[in-house]
Every structure is written in structure tokens, then in C-alpha cells.
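A short worksheet on the structure shown next.
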Amino acid sequence: MKILVTAKRVEDPESKIKVKPDGTGIVQEGLKYKINPFDEIAVEEGLRLVAKHGGEVVVVSIGGKEVHEQLRHALAMGAHKAVWVNHTGPLDQMGVAGLLQKVVEKEKPDLVILGKQSIDDDQNQVGQYLAEWLGWGQATFASKAESFDSENEKNKVPALVVGADNKTVRVVREVDGGLATVECQLPAVVTTDLRLNQPRYASLPGIMKAKSKPIEELIPAGLGVDVTPKLTVTKMSAPPARKAGIKVPDVATLVEKLKTEAKVI
Amino acid sequence: MAALVELGHTAEIPAGGSFLVTEVGAAPIVTPETFTEEQRMYYRTAAQFTKEKVLTQAEAIERKNVAVLRGLLSEAGALGLLMIDVPEAYGGLGADKTTSMLVAEASSMLGSWSVTIGAHTGIGSLPIVWFGNAEQKARYLPKLATGEKVAAYALTETGSGSDALGAKTKAVLSADGKHYVLNGAKQFITNAAFADVFVVFAKVDGEKFTGFIVDRDTPGFSVGPEEHKMGIRGSSTCAIVFEDAKVPVENVLGEIGKGHRIAFNILNLGRLKLGVGVIGGMKHTLEAALRYAADRRQFKTPILQFGLIREKLARMATAIYAVESMAYRTAGLIDARLARHDKTAADYDQKTIEAIEQYAVEASILKVFGSEALGMVVDEAVQIHGGYGFTEEFPVERAYRDARINRIFEGTNEINRMLLVGMLLKKAMKGELPLLDFAQAIDEELMHRNLPRSSGGDELAEAALTAELVKRMAVYATKVAVETFGPEIEQHQEILGAIADVVMDAFALDSMIARTRQASADGALDPLRVAMVKHFALEAQPRSHERARRALMATAEGDALTTHLKKLALLDHFVPYQPTALRETIVQAAEHQGAYPFGY
């Protein structure tokens with residue numbers, strides 16, 4: 001199987017994010033970056049599938065030279081090769097999906113696994129656009145019924161179940177109020193939820209091996225995609241600061257306040 | 001390594017101790033800003049492991065649940081965290097020392113874990129890496145590299161701590177010549193509860209100090225009960241006992257009677273690693289202090305807003321910048337030397353030992369300065385936490401206790417202070433370091449009132465002048481002491497100790513300024529880094545003057561002393577910076593990130 005996975009570069013959630021006073025973006029000075037955690041889960045799932053069924057995992061990222069850091073991370077986890085779409089400047093979800101579509105047409109994977117969303121702008125749209133434009137089946141929010149303490153998780157058994165003839169994939173999806181199981185014909189697009197797997201660490205020998213794995217560079221212009229954003233960010237602002245709480249003397253007052261002040265009951 | 005080459009450093013690699021006799025920036029240095037992408041990745045994996053796997057089990061570890069520690073070593077082994085210093089031929093990574101140091105730093109967020117992994121990979125495994133024969137390496141290293149087996153190091157005895165060669169444990173060759181029979185006991189052995197392999201020092205026939213590899217299942221070998229320690233309570237520390245323990249002759253490590261070579265060279269690296277290791281502990285503690293100070297309100301104000309709290313935080317962050325600058329500079333120098341040798345050559349281990357030995361002065365500085373910087377950081381962190389810092393509810397209480405051992409093991413700070421001055425003198429005598437020429441030049445400068453002047457080049461020109469003059473204070477006090485006492489100088493510990501303090505501040509200033517200039521090579525100096533240098537100089541300069549004065553006062557008297565003090569006063573270049581402005585620059589950056597501002 002050939003599996004294409006994504007590795008978006010996002011702000012490390014451990015960094016303190018501050019919005020610039022003029023609202024044009026966030027303060028980038030001193031920020032740390034990492035691979036989008038949902039994408040990391042996608043890489044892990046790809047590696048597990050390949051360990052079981054054979055084949056290779058190709059990781060793709062879009063951005064400037066700095067995204068090599070995230071590509072190397074995925075390579076150090078065990079991905080076999082990387083594709084770097086060298087693009088700087090703004091890009092909306094359609095631009096990303098358009099570029100990925102070209103990469104898919106070029107790499108011809110049997111399965112594309114992406115994070116369901118990236119933790120920077122949380123749009124949750126790229127996987128859906130990509131599947132639609134490719135005309136492939138899609139299974140979003142892939143999850144699994146078992147807990148992370150299960151034997152399967154310990155033994156790194158993939159949660160996605162590929163049919164015996166390598167023509168289908170069965171995906172447990174997280175939906176409101178429970179889990180839904182769908183089966184897609186391959187090739188297909190799957191997006192990952194948090195409870196799909198626990199990604200492995202990049203081991204030290206893995207990091208050393210990643211040095212010699214290939215990173216292929218692609219230029220958007222050469223792919224024939226118009227990435228001019230149709231969406232522009234006009235202003236960013238921090239969520240309002242939480243107000244200090246109050247202590248109530250008794251339950252009666254609490255109920256009263258919930259009715260009159262909070263107006264929730 | 002690669003970074004030094006990239007910096008255009010292809011000529012001579014500066015000798016150990018040369019920071020004292022050359023100008024700031026005499027040669028490019030390795031700094032965290034020059035780490036390779038790969039080195040940063042190694043660090044991140046190790047840091048992620050410590051945060052997610054180790055810190056989350058801190059309580060169980062501290063309750064002496066050694067099974068948890070042993071399990072963590074296996075997990076660390078599976079990730080490759082134990083194989084960094086093991087050659088590739090024996091299943092290791094054979095990575096550079098900077099990487100080894102970065103992983104040590106990342107592991108030091110919890111003292112008990114730091115000591116456990118450090119004892120295994122450092123003092124436990126390295127004697128076999130460096131001094132083992134091919135058969136011993138093949139037998140032990142692959143298993144030590146993966147964590148299948150755990151190593152420990154047994155040098156200290158009840159009666160011999162700092163005086164390591166005074167060991168009483170004895171080894172006698174058996175009648176059939178197949179075994180050495182060991183008798184005696186070793187004290188305070190880290191990892192003893194679960195280690196499989198012990199590197200043990202004993203005297204053959206009660207005379208020849210020799211290293212042995214002792215397997216846990218050796219008949220006559222036993223492990224005593226756990227010590228109950230002030231700090232690093234989770235780490236295993238026991239005595240080990242040899243009662244007619246039969247150790248096969250194949251397990252003699254290195255040459256008979258040459259055990260001191262193993263012991264001392266291991267200590268050189270151990271000191272360096274300790275000095276680096278404290279950085280992780282300091283950063284982690286600073287984060288806790290920042291978090292608490294932001295949350296804790298008194299007088300309706302987060303205490304983070306109070307000047308004296310901010311002053312502490314600024315001092316903590318500055319100390320980290322100082323230790324970091326010295327530590328990775330030194331690791332980089334060792335790597336630069338090693339990069340010139342073929343890793344697969346037969347003499348590579350010897351070259352490694354020599355490269356590390358070359359920077360033994362720096363290693364001792366890092367050990368002393370680093371452990372004392374950590375001591376200050378944990379102390380102030382407890383203070384910031386107030387009464388809560390005195391309870392077990394907050395991790396700073398543990399950090400405070402855990403830090404204390406660092407000033408004691410790997411050679412006490414007293415021993416290391418004397419050693420570092422002694423080694424500088426030895427290097428000078430051997431002609432490896434032009435210390436005497438420099439002392440003469442200083443004499444001339446003082447006589448003709450021709451001292452270095454501020455270059456006026458950049459924001460740090462005055463601080464750089466301070467650094468040059470602090471170096472001169474150290475060398476001047478050393479010269480006077482050596483002229484007065486000759487070889488007897490060794491007996492005057494307070495003088496050596498005072499000089500050591502000046503040498504340490506000189507190395508710190510030199511490294512911080514060189515790093516700051518290098519980090520901003522493309523334009524204006526970074527105001528935050530500049531603030532840290534100045535904040536440090538503000539305390540280091542008067543401190544150095546006082547220590548040099550003390551050395552002179554302990555050396556000379558009467559008119560001679562008066563003359564010396566006058567000359568020393570000429571070297572006194574105190575620059576009055578506005579301390580509140582400096583600490584604001586530093587604390588605001590730390591506050592913004594909730595952490596030490598130059599994370600990697």
C-alpha cells in the first residue's frame with residue numbers, strides 16, 4: 001500500500017500565543033512549532049498500516065523551508081519519503097486542498113490520511129475538499145472503540161481495517177453521541193480524530209536515519225494550481241478574558257443567580 | 001561540530017583554559033543557536049519522554065518504586081536514549097557530545113531520573129566504552145545501549161570519598177589464575193538495586209588500583225539496603241559488598257594498576273554532564289516559579305508584579321543563559337576535536353578521552369558554577385512559592401532537596417575549585433597554555449598604565465572590557481600566589497578557592513558575550529541577550545574584585561599587599577547599569593513565554 005499523510009507546521013500549544021495589538025496576526029517571536037497533533041496521528045496510523053500490509057508512507061507538507069522540521073519529524077517516526085510543496089504566503093483551505101490534490105495525482109497513493117483539522121485555525125475542511133475534488137470516498141474523524149490501554153494499542157495494531165483484497169477500508173468514526181462505522185472503497189481520504197492512536201516518539205536511531213531519507217521539492221506554479229486565497233483574515237482578536245468567579249453562601253442563592261444572572265435555568 | 005565548521009572555524013581549536021588568556025570572541029563557539037536540526041530533534045524526543053513518561057510518574061518514583069525506574073530505563077532504551085555514547089559497531093549511535101549533553105539536559109527535569117539515566121549511560125557504561133577490550137565491549141555494550149542491562153559505577157567507599165584512590169577494597173588473583181577474589185564494600189552506589197553490571201575499583205594485592213566489571217550474579221557479591229536520602233529519593237542508592245567475590249580475570253577493565261585513568265577520565269565527563277544537566281532542572285524550576293508567581297495574588301495583585309519577585313526571576317533566567325553559554329561552548333570544543341578523527345579507528349576512544357581531558361578545567365567550572373546556579377534557582381523558586389514552597393504539594397520542594405547533591409557528588413565543589421586552578425597551572429607549566437606570558441603582559445600593562453580600553457564598538461563593549469579585566473584579576477592573583485608560595489600553593493586552599501571563583505565568572509562573562517555577539521552577527525545585538533549579560537556583569541564584576549582581593553590578602557601583607565591591591569584596583573571596571581530596566585527586559589520576555597526565553 002502507498003499511503004500519503006500530511007504534516008502541517010503549527011504553533012506548539014505549549015507556547016504562549018498572543019495576538020498582535022493591531023490584530024493582523026499573532027506574535028511569532030519566540031514561538032515554537034511542531035507537527036499538527038492530528039497529522040502526527042495520521043503519520044502513526046499510516047506507519048501501522050504499512051507495518052501490517054507492506055508498502056510505504058509518503059509525508060507531505062506545504063510551506064517554506066522551515067517545514068522541513070516537520071517532514072524530518074515524520075521521517076524520523078518512520079515515514080519513507082517526503083514531499084515538500086515550497087510555498088510561502090497566505091493559503092486558504094481550498095489552496096491547500098488544491099495543492100494536495102496535485103500531490104495525490106502525482107504520488108497515486110491508495111489512501112490519504114490527514115488530521116481532521118490543524119490546531120492553528122481549526123477549520124476542519126481540507127480533507128473534505130480533497131476527497132470531493134478527487135472524487136474519492138471519505139471517512140472523517142476516524143477513531144476507535146478501544147481504549148489506549150488495550151493490547152491492540154500496545155502492539156500498534158492499526159485502527160483502520162483494510163479489506164483482504166486491498167480494495168476497501170473500514171473506518172470507525174466519532175460522531176455526535178457515539179461511533180459510526182463506514183466502509184470506503186480505496187482509494188479514499190481519511191481524516192483522524194484524537195482517539196485513533198497514540199503516536200510513537202521519533203526515536204534517536206529514527207532521527208539519525210531520517211537524515212538520509214529523500215525530501216522532494218515541488219513548486220505550486222509547476223503544479224498548475226491557482227492558490228490565490230478566496231478567504232482573507234481581516235482581524236484577529238484574543239477571546240475575552242474570563243471574569244473572576246464569585247462564591248455563593250448557599251444553594252438557594254446559587255439557584256437564584258443561575259436563574260437571574262447566568263440565565264441558564 | 002558541524003556548526004563550528006560552518007562558523008568558519010577550520011584552523012586551530014582553542015586549548016582548554018584558553019578563554020582565560022584570549023579575548024572575548026577569539027574563536028567562534030558552539031551555542032544553542034548553532035545546534036543542528038538533528039540535535040534539536042534529539043533534544044525534543046528526550047524532553048518529550050521526560051515530560052510525558054517520567055514526570056507523570058514522579059510520585060511513584062519518589063516513593064522508591066524501583067520497578068517504575070527500571071521500566072523507564074527499558075522504555076528509554078527502546079527510544080535510543082541510552083545508546084548515544086555507544087559506538088555504532090556495538091549497537092549504539094556514536095553521536096557527538098553535544099547530543100549527549102542535550103539529552104542529559106532534557107533528562108534533568110526530575111532529579112531522581114536524571115541521576116538514574118546518567119549513572120547508567122555515563123559513569124556506568126562509559127568505562128566499558130573507553131577502556132573495555134573488544135570482547136568486553138561486544139559482551140556488554142549492545143545490551144547496555146538498549147537498556148536490556150543496566151550499569152552502575154562503584155568507586156566511593158565509606159572511608160574514601162574525595163580521596164578515591166584511598167580505596168580499601170582488595171583483589172587477589174586466585175591460585176588457579178582464573179579469578180580475582182574481591183573483598184570490601186562500596187558506598188552510595190547509584191542504580192545498585194537493579195543494575196546488572198557494576199564497574200568496580202579495587203586494589204590488586206592491596207596496592208594496584210584497578211577497574212573490574214562485576215556481574216550482579218557474581219558469587220560473593222551482594223547489594224545492601226536503600227539509603228534514605230535528603231533528595232533524589234527515587235533513585236536507588238545502596239552499598240555493595242564483596243565477600244570473596246570471584247570475578248573472572250576476563251573482567252579486568254583496562255590495565256592492572258591503571259584504574260585511576262578510568263576513574264579520573266570518567267569524572268571529567270561526569271562533571272561536564274552535571275554542569276549541563278542542571279540546565280534542564282533550572283529551566284523546569286523557572287517555569288514553575290513563573291507560573292506560580294502569575295497565579296498567586298497578594299494585595300489584590302499577582303506577586304509576579306512585585307519588584308523583588310521580578311528581580312529573582314531575572315537572576316534565575318540570567319543564570320541559565322550563563323550556564324548554557326559555557327556548557328555548549330565546551331561540548332562544541334570537544335566535538336570539534338573529535339570531528340578530526342575517524343570514529344572507527346582503533347585509537348578513537350583514546351582520542352575521545354584526550355579531547356575531554358583537554359577541557360577538564362571547563363568541566364570543573366561547569367560542575368561548580370552549574371550546581372551553585374541550580375542551588376540559587378531552586379532556593380529562589382521556593383522563596384517565590386512562600387509557605388507553599390515548603391510543602392510537598394509543590395514540585396519546587398522536591399527540586400530544592402534534589403539540587404543539593406549536585407554540589408557534593410562528581411567531586412565536591414571544594415575539590416573542583418582547587419582542581420580547576422591546579423589544572424590551569426599544570427597546563428601553564430607544560431606549555432599548553434600561555435598563562436605565564438599573559439601574567440607578564442599584565443604586569444607590563446599595569447606598570448605602564450596601558451590597560452585594555454573599551455572598543456566602543458557595540459552595546460557590549462563595556463561588558464567585554466569588564467570580562468577582559470576580570471580575566472586579568474584572576475591571572476594577577478594567581479601570579480602573586482604562585483610567586484609567593486611556589487608549589488606550596490596547593491596547601492593554600494582558600495586562595496585557590498577565591499581564584500577559582502574569579503576564573504569561573506571570567507569564563508561565564510566571556511561565553512555569554514561571545515554567544516550574544518554571535519547570535520546577532522547579522523545586525524544589532526538582541527536587547528534581551530544584552531540585558532542578561534549586563535545583569536550578570538552587574539553582580540559578577542564586584543564579586544570577582546572581592547574574591548581577587550581576598551586571594552591577595554591571604555597571600556601578601558604590609559606594603560606588598562598595598563601595592564598589589566592598588567594594581568588590582570586598576571583592573572576594577574565596574575559599569576553602572578540600571579538594574580530595574582535590565583530585569584524588566586528579562587522578566588517581560590520570560591513572562592511572555594512562561595519560560596526561559598531561549599528554549600530549543
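Convention: sequence-line order gives letters A, B, ...; per-chain numbering from 1.
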Interface residues of residues 63-73 of chain A facing chain B - heavy atom cut-off under 4.5 Å: H68(A), E69(A), R72(A), H73(A)
Using a heavy-atom cutoff of under 4.5 Å, enumerate the residues of residues 3-16 of chain A that contact chain B, numbered in order, or state 'none'. E14(A), K16(A)
What's the verdict on side chain to side chain contact (heavy atoms under 4.5 Å, CB included) for H592(B) and V27(A), showing C-alpha distance, side-chain angles and the deciding distance? CA-CA 10 Å; H592(B) 170 56; V27(A) 181; 4.3 Å; yes
Should the heavy atoms of other residues, nucleotides or ligands under 6.0 Å from CZ of R310(B) be counted, would the total exceed 12? yes
The interface call for I84(B) against chain A, heavy-atom contacts under 4.5 Å, is side chain
E37(B) versus chain A, the contacting section by heavy-atom distance below 4.5 Å: side chain
Answer with side chain, backbone, both or neither: which region of E591(B) has an atom nearer than 4.5 Å to a non-hydrogen atom of chain A? backbone
More than 12 heavy atoms from other groups under 6.0 Å of NZ on K343(B): yes
Working to the nearest 0.5 angstrom, can you tell me the gap between L204(A) CG and L79(B) CG? 7.5 Å
Considering only heavy atoms, which portion of F598(B) lies under 4.5 Å from any heavy atom of chain A: side chain, backbone, both, or neither? neither
With Y201(A) as partner, the option from E52(B), K53(B), Q48(B) fulfilling side-chain hydrogen bond (donor to acceptor under 3.5 Å, both in side chains) is E52(B)
When every non-hydrogen atom of G80(B) is compared with those of P205(A), the smallest separation belongs to CA-CD, 3.9 Å
Contacting moiety of R40(B), where chain A heavy atoms sit under 4.5 Å: neither
Rounded at 0.5 Å granularity, tell me how far OG in S203(A) sits from OH in Y42(B). 9.0 Å
Surrounding CD of E459(B) (heavy atoms of other residues, nucleotides or ligands, distance under 6.0 Å), is the total greater than 12? no
More than 12 heavy atoms of other residues, nucleotides or ligands under 6.0 Å from NZ of K81(A): yes or no? yes
Can you tell me how far the CE atom of M208(A) sits from the CE atom of M83(B), to the nearest 0.5 Å? 10.0 Å
